[in-house]
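Structure record follows, encoded as structure tokens.
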Amino acid sequence: MSHGVNVSVLCRVTNFETVRRILGKSALQDVLATAAERLAEQAEPVELLGASRDLIELSFPAADREEAAARLDAFRQTLGSFQQEQGLAARLDFEIGAAWAPSGEGDMLRLLEAAEAALAGAADADGLNVIDLSVDGRSVDRLTLIAELPRAIAAGEMFLHYQPKINVRQQQVSSAEALIRWQHPERGLVLPGDFIAAAEESGQIAELTLWTLRQVIADQRALAATGHDIPLFLNISGMLLADRTFIDEACAIITAHPEAKLGFEITETAVIRDPQSAIRHLQRFADHGVVLAIDDYGAGLSSLAYLKQLPAKELKIDKMFVTQLTSSHRDPLIVRSTIDLAHALEMEVTAEGVETPAALALLSVMGCDLVQGYLISRPVPFPALCAYLGEQDRLAETMASRPVFLRAGSSWKRA
């Protein structure tokens, strides 16, 4: 019996820099906007979730895997025929990463992570790579992952991607968030949602986080040497906030590198587990100069009683409130009140999941300080972050020239 599947798709221009030099920035953005429209209008129902600097994100349901595969192949053909119709002076090379899961199983974040993993391997799969998250297609043996984690850390299979955060008023990169990845020699890219949970379950999350901390410090030093001395943030599991041994080791590493500009992102629910220990240990980090950010604010049980006690300087609004910002009546009220609350507590506010120029414009009007999401940049390897920072002086012009997408029924059109 056939089962429906949900599909997440990422289309990336692999020769973006070359084509931009030939076509020009404005013309290239217009071409990408038109290409995104063409894909979204190709068949019902296809939802265009965003079109950023070099990336188009879509999602759609399909009756089964065969239909999903046929649609993905049609996407690739559409991108090819579209370029012939446009008569472009330069050819755009696209790679497509996609993931599907049975309808009703898994969440959109896991599906998007899988699409990102598929996109990373698209070059080795003739430009179109798919990850199947169904139980039969991609089962994860948690016990095997737990057993392999120590070897993976020692063998250098872990690496970091970085997602920039943009200061809205200055229109410059102000910091970046480190996101850990695992390139398994046999399984390929293991999803963070799988191995992070395995590390927490097995008690190896401390070792994994300390490895990340050391690597972030090394990368931050390299960035500073190129003239981009911005803070780099890493995520701290809630399980570690009550671990005295981890706190001592992390503080020792930070003390040994006093020049490093670091930030830790923690969830508010992590503090609620053991508030006394968490607040005491977070204060130790703050005393060492680490900037603390409250991650995923609003996704869990928000507690003002704990919020006012935390030595945090930044509050990150969960993307669930940002992605529907321009189409919901309640989300703008929640976001605006959260921004006002954070400012009253002398915190900067970061909006996660910013994927459209319309959302960015609304957040700017609301007084949001920082934005992060696919409109700015997907998570990228460290060399790509360095290249991105190298052109940040031109960021204002790029953001101003991006087309705004307006919903028109079930399709999208450019304003």
Please lay out, stage by stage, how Ile131 and Glu116 fare under the test side-chain contact (heavy atoms from CB on, under 4.5 Å).
CA-CA 10 Å; Ile131 289 178; Glu116 290 175 348; over 6 Å; no
Is [X] salt-bridged to [Y], going by a charged N under 4.0 Å from an acidic O?
X: Glu177; Y: Lys316; answer: yes
X: Glu157; Y: Arg151; answer: yes
X: Arg221; Y: Asp229; answer: no

If the test is salt bridge (Lys or Arg N to Asp or Glu O under 4.0 Å), which one of Glu348, Glu352, Glu265 qualifies with Lys165?
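That would be Glu265.
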What's the spacing between [X] [atom1] and [Y] [atom2] if we round to 0.5 Å?
X: Gln309; Y: Leu307; atom1: CD; atom2: CG; answer: 9.5 Å
X: Trp100; Y: Leu133; atom1: CH2; atom2: CG; answer: 10.5 Å
X: Glu57; Y: Thr356; atom1: CD; atom2: OG1; answer: 11.5 Å
X: Leu32; Y: Arg20; atom1: CG; atom2: CZ; answer: 11.5 Å
X: Leu325; Y: Ile334; atom1: CG; atom2: CD1; answer: 10.5 Å

Determine whether Leu92 and Val31 satisfy the following criterion, side-chain contact (heavy atoms from CB on, under 4.5 Å), listing intermediate values before the conclusion.
CA-CA 10 Å; Leu92 278 70; Val31 170; 4.2 Å; yes
Using 30° and 60° as the class limits, which term best fits the ring planes of His184 and Trp182: parallel, tilted or perpendicular?
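Judged by the thresholds at 30° and 60°, the geometry between His184 and Trp182 is tilted.
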Where do Ser59 and Asn6 land on the side-chain contact (heavy atoms from CB on, under 4.5 Å) test, with the steps shown first?
CA-CA 7 Å; Ser59 68; Asn6 291 324; over 6 Å; no
With distance as the sole criterion, is a donor-acceptor pair present between the side chains of Asn167 and Gln171 under 3.5 Å?
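Side chains of Asn167 and Gln171: no pair found under 3.5 Å.
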Quick one: do the Thr14 and Glu95 side chains pair a donor with an acceptor below 3.5 Å?
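The criterion, which ignores hydrogens and geometry beyond distance, is not satisfied for Glu95 and Thr14.
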Under the criterion side-chain contact (heavy atoms from CB on, under 4.5 Å), I'd like the reasoning laid out for Ile166 against Gln172: C-alpha separation, chi angles, the key distance, then a yes or no.
CA-CA 5 Å; Ile166 298 293; Gln172 288 187 331; over 6 Å; no
All pairs passing side-chain hydrogen bond (donor to acceptor under 3.5 Å, both in side chains) where residues 198-219 contributes a residue, at least two apart
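Sorted result for residues 198-219: Arg142-Glu201, Tyr162-Asp219, Glu200-Ser237, Ser202-Gln204, Gln215-Asp219.
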Keeping to residues at least two apart or across chains, list the side-chain hydrogen bond (donor to acceptor under 3.5 Å, both in side chains) pairs with something in residues 331-345.
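Applying side-chain hydrogen bond (donor to acceptor under 3.5 Å, both in side chains) to every pair that reaches into residues 331-345, excluding sequence neighbours, yields His343-Asp369.
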Hey, mind stepping through Gln324 and Ser327 against side chain to side chain donor-acceptor pair (under 3.5 Å) and telling me if it holds?
CA-CA 5 Å; Gln324 302 297 321; Ser327 59; 2.9 Å; yes
May I have all residue pairs that pass ring pair (Phe, Tyr, Trp, His ring centres under 6.0 Å) and include part of residues 242-269, sequence neighbours excluded?
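Output for this query lists Phe264-Phe285.
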Looking at Phe382 versus Tyr388, is the centre-to-centre ring distance below 6.0 Å?
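Ring centroids of Phe382 and Tyr388 are no less than 6.0 Å from each other.
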Answer yes or no: does atom CD of Glu259 have more than 12 heavy-atom neighbours from other residues, nucleotides or ligands under 6.0 Å?
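Counting neighbours around CD of Glu259, more than 12 heavy atoms of other residues, nucleotides or ligands fall under 6.0 Å, so yes.
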